[in-house]
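Down below is the structure, laid out as structure tokens.
Every chain is numbered from 1 and lettered A, B, ... according to where its sequence line falls, protein lines coming before strand lines.
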Number of protein chains: 2
Amino acid sequence: MDSALFTKIAKVLADPQRFAILQRIAKDSECPCIKIVEEFPITQATISHHLKELAGAELVEVRREGKCAHFSLRRETLDAYQAELAARLSGLSVGSGKTSE
Amino acid sequence: MDSALFTKIAKVLADPQRFAILQRIAKDSECPCIKIVEEFPITQATISHHLKELAGAELVEVRREGKCAHFSLRRETLDAYQAELAARLSGLSVGSGKTSE
DNA sequence: CGGACAGTTTGATACCCGTCTATGTTGTTT
DNA sequence: AAACAACATAGACGGGTATCAAACTGTCCG
């Protein structure tokens, strides 16, 4: 995973509201946008913004169905992020090929 | 893990420079503050600020030895964070006992 | 077609925070 | 004690961003 995506994911996860939205999406296999708007105490515009960030970080997938949008968690990205996080803090050098330092 | 610490860790990990510092600390079993100041292109004051945040998120431990401070990674906290992250996005209800929804 | 609904985009505002300079504090050395 | 070194703290500044209201785009239905 490249550093740009890694940082983007970390930033996306750092906002409590945005993470709560992601958590809500993860709860079901697929979650309509309307449901999130109904359940959260923030404006629909703000939610749209957060969902765009989540999609930009490749953490959610969007499926359009007429005028409705359905979101689902991309567990592959989440797994890759966790693996990268563990790898970068494992104490082993990961970036280059030098293992003797 | 309580939500306050969870959020604090997520925010602490979100800044690239701060994460780089944490990564540097993780590289050795213990890392003196001076070494970080020498190796990073930011002011000593800023580094001190970041280290305080890292300690506040319980991600690093500080050992004072005279006028020197030595930092080490708290892998327990990192592991707990990763476990919490996975749990919150696993799709299972964790907060209450209802598993049928 | 026209209105109602779902979502996006835009512009503005306010707040958070990373960074700096300058100064303070604590420990060591001469 | 004075001076220096390692680190902490205070205040200020600038950039990023979460949030909102309002306007816009696209879709469905009569």
Side-chain angles (χ1 to χ4, degrees), chain A residues 3-25 28 30-74 88, chain B residues 3-25 28 30-74 81:
Chain A
S3 278
L5 183 59
F6 182 72
T7 299
K8 191 179 290 187
I9 293 176
K11 287 191 176 183
V12 160
L13 294 178
D15 181 70
Q17 292 277 22
R18 190 163 42 208
F19 183 83
I21 292 175
L22 184 63
Q23 202 170 350
R24 175 62 188 85
I25 292 175
D28 300 341
E30 215 180 40
C31 182
C33 183
I34 282 222
K35 204 139 191 133
I36 304 174
V37 174
E38 286 171 354
E39 296 181 7
F40 282 82
I42 50 183
T43 308
Q44 182 269 333
T46 302
I47 290 179
S48 181
H49 165 64
H50 282 322
L51 288 171
K52 190 179 178 182
E53 295 288 314
L54 286 168
E58 302 178 16
L59 276 171
V60 301
E61 193 161 357
V62 198
R63 183 176 64 87
R64 311 268 170 190
E65 182 182 341
K67 52 184 178 180
C68 264
H70 298 259
F71 295 89
S72 55
L73 174 66
R74 292 184 60 174
R88 293 198 184 200
Chain B
S3 279
L5 183 59
F6 182 73
T7 298
K8 192 180 289 187
I9 294 176
K11 287 191 176 182
V12 159
L13 295 179
D15 182 69
Q17 292 276 23
R18 190 163 42 208
F19 184 82
I21 292 175
L22 184 63
Q23 202 170 349
R24 175 62 187 82
I25 292 175
D28 299 342
E30 216 180 40
C31 181
C33 182
I34 283 224
K35 203 138 191 136
I36 303 174
V37 173
E38 286 172 353
E39 297 182 6
F40 282 83
I42 50 183
T43 310
Q44 177 269 328
T46 302
I47 291 179
S48 181
H49 165 66
H50 283 322
L51 287 171
K52 190 178 179 182
E53 296 287 315
L54 286 168
E58 301 178 18
L59 277 170
V60 301
E61 193 161 357
V62 198
R63 184 176 64 86
R64 311 270 169 189
E65 182 183 341
K67 54 182 177 181
C68 265
H70 298 259
F71 295 89
S72 55
L73 174 64
R74 292 184 60 175
Y81 173 71

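Atom-to-atom, CZ of A/Phe40 to P of D/dC20 comes out at 13 Å; the value is rounded to the nearest Å. One can place CD1 of B/Ile42 at 20 Å from P of D/dG14, the figure rounded to the nearest angstrom. As a whole-Å value, the separation of B/Lys11 NZ from D/dT17 C1' is 11 Å. Atoms CD1 (B/Ile21) and P (D/dC7) sit 13 Å apart, rounded to a whole Å. Taking atom CZ of residue B/Arg63 and atom C1' of nucleotide D/dC7, one finds them 15 Å apart after rounding to whole Å.
With sequence neighbours excluded, the residues forming a ring-ring contact (aromatic ring centres under 6.0 Å, His included) with B/Phe19 are A/Phe6, listed by chain and number.
Smallest separation of non-hydrogen atoms from B/Arg18 and B/Lys11: NH2-O, 3.2 Å. When every heavy atom of B/Tyr81 is checked against every heavy atom of B/Ala10, the shortest pair comes out as OH-CB, 3.7 Å. Closest approach of B/Leu5 to B/Ala57, counting heavy atoms only: CD1-O, 3.6 Å. When all heavy atoms of A/Ala14 and B/Thr7 are compared, the closest pair comes out as O-CG2, 4.3 Å. Considering every non-hydrogen atom in both A/Arg88 and A/Ser3, the closest pair reads NH2-OG, 3.1 Å. Of all the heavy atoms in B/Val37 and B/Ile47, the pair that sits closest is CA-CD1, 3.5 Å.
Residues from residues 64-72 of chain B placing a heavy atom under 4.0 Å of any atom in DNA chain D, listed by number, are B/Arg64, B/Lys67, B/Cys68, B/Ala69. Scanning residues 43-56 of chain B for heavy-atom distances under 4.0 Å to DNA chain D yields B/Gln44, B/Ala45, B/Ser48, B/Lys52.
Atom CG of residue A/Asp15 and atom CD1 of residue A/Ile21 lie 8.0 Å apart, to the nearest 0.5 angstrom.
Note on B/Lys35: nothing from the nucleic acid sits closer than 4.0 angstrom, heavy atoms only.
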